[in-house]
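Report on the following structure.
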Protein chains: 2
Amino acid sequence: MAISSRLSVAIHILALLEVNKGTRMTSEFIASSVNTNAVVVRRIMGMLNKAGLVTTNPGVAGASLTRPISQITLLDVYRAVEGEGCDHLFSIHEKPNPKCLVGRNIQGALESKYSQAQSAMENELQKITMDQVVMDILKDAQAAPSN
Amino acid sequence: MAISSRLSVAIHILALLEVNKGTRMTSEFIASSVNTNAVVVRRIMGMLNKAGLVTTNPGVAGASLTRPISQITLLDVYRAVEGEGCDHLFSIHEKPNPKCLVGRNIQGALESKYSQAQSAMENELQKITMDQVVMDILKDAQAAPSN
DNA sequence: ACAACTGTAACTAAAATTATTATAGTAATG
DNA sequence: CATTACTATAATAATTTTAGTTACAGTTGT
């Protein structure tokens, strides 16, 4: 199964915060750009807040980034929205038969291999910063300006 | 969300086929090592068969590997059991607002970044072969022999 | 005080995974 | 050649996760 779209929505939110840095956006406004419900936005914004990536003020619109987007990596965002789920990208079947040689040792063998693949992915996410994403978005905007 | 345990079960099955190469194992026997239902084993075995990794004979027990396990990578197995799902490891939210600069361009930006991370993971899976997994299993067996 | 928000909890709906039941078909064996 | 043991697969159910929605309490600024 795929990784949930929370990461994509979170990146979308952070990009909006950067691009519209001056203005105070409501969760309703952000939701209309993402095309989802405002509660979903607030839920994810809450995770970004808890992870220390944004600052929010209860009751008042307009979240803000806590640091320059060049210092926010996709790994930061991924961990913010996936929480504990980050630890195990690959699921391992539970309780294989300990009476069987393979059943007894498969879990350990899988864990060591899986962690290699997972680390490779995380390292790549860490290399990508939010400002690269924003640049991509703005670059496309120059090619086809309509703002 | 995490990647389904089908990959883990498939690896378990292939390891069993290698370790017990001489004998003809029934799906019931394999299921008891994995600790699941025999139908689950046959379903996954069917995927491995369709992907050309094993040969099965309808009605008769005992699947066999089509090539040496040193030539089966975890990426082969991953693709066999995840099928189309492999294409998009990360989900992207649908229909962001085209009237918004960010909404208009976010999907393209995400796709290019995500494919970097996904490729990094797949490259790592490709580097790991089934015989490394089997060696891990047998190595543990030497340390704590009970067979 | 009021209006406009945010922060959450609770509930619903939809999708995916795994387990299970059931059925049809293949093949080796006595 | 009928019986037995097994595979292949469809259909169903149970469980889990995600995303959308409703509801409401709390905060802020006017």
Presence of A/S4 side-chain N/O under 4.0 Å of D/dT18 phosphate oxygens OP1/OP2: no

From C/dT18, D/dT7, D/dA19, nucleotide with atom closest to B/R6 side chain: C/dT18

Pair B/Q118, B/E122: side-chain N/O donor-acceptor within cut-off below 3.5 Å: yes

Under 4.0 Å protein heavy-atom contacts per nucleotide of nucleotides 9-15 of chain C, with B for base, S for backbone only and - for none: BB-----

Which nucleotide in C/dA19, C/dT17, D/dT18 has an atom nearest any side-chain atom of B/N37: C/dA19

Length of the line joining B/I92:CD1 and D/dT18:P, which is rounded to integer Å: 17 Å

Pair B/T129, B/Q71: side-chain N/O donor-acceptor within cut-off below 3.5 Å: no

Value in whole Å for how far the P atom of C/dT6 lies from CG of A/N49: 13 Å

Closest-nucleotide ordering on DNA chain C, the 5'-leading residue of A/A61 and B/A38: A/A61

Residue whose closest nucleotide on DNA chain D lies nearer the 5' end, A/R42 versus A/S5: A/S5

Whole-Å gap separating P (D/dT18) and CZ (B/F90): 15 Å

Residue mapping more 5' on DNA chain C - nearest nucleotide basis, A/S27 or A/A2: A/S27

Atom-pair distance (NE2 on B/H93; C1' on D/dG20), nearest Å: 15 Å

B/T26 vs D/dC6: side-chain N/O to OP1/OP2 distance below 4.0 Å: no

Close side-chain approach of B/L17 to B/S64, heavy-atom, < 4.5 Å: no

Sugar-phosphate, base or nothing in reach of A/T56, heavy atoms under 4.0 Å: sugar-phosphate

Atom pair distance, as rounded to whole Å: CD1 in B/I3 and P in D/dT18: 14 Å

B/F29 vs B/V34 side-chain heavy atoms within contact, under 4.5 Å: no

Separation of atom CG in A/L48 from atom P in C/dT6, rounded to whole Å: 14 Å

Aromatic ring pairing B/F90/A/Y78, orientation class (parallel under 30°, perpendicular over 60°, tilted between): perpendicular

Exceeds 12 heavy-atom contacts within 6.0 angstrom, atom CZ of B/R67: yes

Separation of atom CG in A/L17 from atom P in C/dT6, rounded to whole Å: 12 Å

Contact pattern, 5' to 3', of nucleotides 25-30 of chain C - B, S or - by protein heavy atom under 4.0 Å: BBS---

Heavy-atom side-chain contact between B/V54 and B/T56 under 4.5 Å: yes

Donor-acceptor under 3.5 Å (B/S5 side chain, B/S8 main chain): no

For atom CE of B/M25 and atom C1' of D/dA5, their distance in whole Å: 17 Å

Donor + acceptor pair across side chains of B/H93, A/T36 (<3.5 Å): no

Distance-only side-chain donor-acceptor flag, B/D76 / B/T73, under 3.5 Å: yes

